[in-house]
J.: 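I have a structure here, written as structure tokens, and I will follow up with some questions on it.
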Amino acid sequence: MKLLLLLLVALATVVVAMPPRKLRAGVPEKPYRYGQPKEGRKLVCYYGSWAVYRPGPGKYDIEDIDPFLCTHLVFGFAALDNTTWQITAFDPWNDLDDNGGKGAYRRFNALRQINPALTTIIAIGGWNEGSEKYSDMASIPERRATFVQSCVQFVQLHGFDGLDMDWEYPSYRGGAEEDKIHFAALLRELKVAFSAAGLLLTSAVSPSRVTIDDAYDIQALIETLDIINVMAYDYHGAWDTYVHHNAPVHGHALDSGNNTYFNVEFTINYWVELMGVHSDRLTMGLPLYSRGFTLDDPALNQIYDNATEAGIAGPYTRQVGVLGYNELCEIHRDQGEAFQTHWLDDLKAKYVIFERDGIRNQWFSYDDIDALAEKMALIDALPIGGAMVWSVETDDFQNTCGEGKNPLLNYILRSLNGFVPTPDPDRTTVSPPSSTTKPSVTIPGDDVCAQAGINPTGPCSGNYVICAPNGAEWIVTQGSCPPGLVINPEILNCDYPDHVAGCQKKKH
Ligand SMILES: *[C@@H]1O[C@H](CO)[C@@H](O)[C@H](O)[C@H]1NC(C)=O
Ligand SMILES: *[C@@H]1O[C@H](CO)[C@@H](O)[C@H](O)[C@H]1NC(C)=O
Ligand SMILES: *[C@@H]1O[C@H](CO)[C@@H](O)[C@H](O)[C@H]1NC(C)=O
């Protein structure tokens, strides 16, 4: 224990002693390298870094990213440590270079050596982090100051161009009513520090009118944010008991109550109204994934027909009621004629029905090129700054559908800016900067280290040690998964207990 403490102190010293990375001056004003894109519109692309643990053809690592298909790349996600109130790596073994880690942050930022026009951003938060910790942090000025300081250091240390705040959502999911005021204060304090450091500040925001009104002080957003990514999706999904679309352009005639707000057209117009002359900072979120249901009765397959059960889980994304576009491509390939797509002309949206165990009861709404065309036309008609996608790792990057690699990203960027830039032949070799953090403590670790890398400290535990071989000895660092996650021995990383044999919660 003493030794581990010593090790942690030693690591902390190394981090503090490191000179801050030289700033990339003038990042926001950086000219687009690839000529003069039509109106210079943005394509902000999120990357969900846990896709590196997906099996087989679903596995997606940093090197699978095509750095020419996006103007901004956002790494999802870093986490908030609610003992220190600092930003911290979510998955140190994957994200960092320390102790033989895989250096995903460094490799991600090195993509700018292939496309120098690219901007890279680290996102903190996301749906799984919840709201409570952020509410606890933002409510106390001293904690906010600590957090802000840690964010500037973190972004500079790892070489990102900026930070994306993904608190989902102030005043909701365990947050407090005062979160709206506290979030505004936090953004203003972040802005002061980020402006001084020449860094970008962006945020992903809710598409729901009720949440927007409760969560955001619009004036504070206008004063502080360089880009506002509107998550115009997840309107309907497995949590509903009836069929409806993940991200329809228009509403349905039977929509009532809050459902009248649950469509892209309403959301984006509402945000444009709120932002006024600052609307060019908005991007419209586009889902590269699908949400779906198991129909109660395969004959009743219209919007608002009953669907009490979620749709199937995909082999890679492994969440019921969700399929990546790449997973839909595989189902299409495997089911052939049984995979039947339909166009909803009132919603300007698409869905597919396919089989599970020989029954045609799987109803999934999704965005393909036809559906995206409607949304690109809406972007064209609005004074907004471009598009955003969640997320690059579920485009058809293996070309299973036969539309080419990454057909959706290619289509979106081409629609926005007229063409997809091609690599400069002189600059395609990446030489990532070498790791600068050197572990300084070595111990014999045979008791805890069965292999190099992550070793769980027990079955169904969220605690682990990272073992890096050093001659006959091991360099050992202790770590723990975010709350609620355990080590999955198959992928040797943090995972949901439901994905780990023998760790499933009892169902009743
Ligand atoms: C940290 O947050 C989790 C919930 O996200 C909570 O259970 C825990 O009590 C918090 N710890 C502290 C020190 O606030
Ligand atoms: C709309 O949503 C809000 C927040 O979830 C809820 O308080 C309100 O009752 C809903 N309104 C209707 C008509 O369902
Ligand atoms: C749909 O579900 C509701 C609520 O469970 C039920 O009352 C209704 O009869 C169902 N409709 C059909 C057509 O089965």
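Model, not experiment: these values are computed from the prediction. When a ligand or atom number is given, it counts from 1 through the structure's own listing order.
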J.: Hey, can you pull the donor-acceptor pairs under 3.5 Å for the side chains in residues 191-198, sequence neighbours left out?
T.:
{"from": "Ser195", "atom 1": "OG", "to": "Lys191", "atom 2": "O", "distance (Å)": "2.9"}

J.: Does NZ or CZ of Arg291 come closer than 6.0 Å to the centre of the six-membered ring of Trp239, within 45° of the ring's axis?
T.: no

J.: So, applying side-chain contact (heavy atoms from CB on, under 4.5 Å) with Val249, which one of Leu344, Leu378, Asp346 is it?
T.: Leu378

J.: Could you tell me the residue and atom name of the protein heavy atom closest to atom 4 (C) of ligand 2, and the distance to it rounded to 0.1 Å?
T.: Val210 CG1, 3.6 Å

J.: Could Asp368 and Lys350 be called an ion pair, given the rule that one side-chain N must be under 4.0 Å from one carboxylate O?
T.: yes

J.: Going by distance alone, is a donor N or O of one side chain under 3.5 Å from an acceptor N or O of the other, for Thr202 and Asp226?
T.: no

J.: Heavy-atom distance from atom 2 (O) of ligand 3 to the protein below 4.0 Å?
T.: yes

J.: How far is atom 13 (C) of ligand 2 from the closest protein heavy atom, and which atom is that?
T.: Gly257 CA, 4.1 Å

J.: Could you name the option among Asp296, Asp297, Asn306, Thr308 that has the heavy atom nearest to atom 10 (C) of ligand 3?
T.: Asn306

J.: Tell me: protein heavy atom nearest atom 8 (C) of ligand 2, and distance?
T.: Asn258 ND2, 3.9 Å

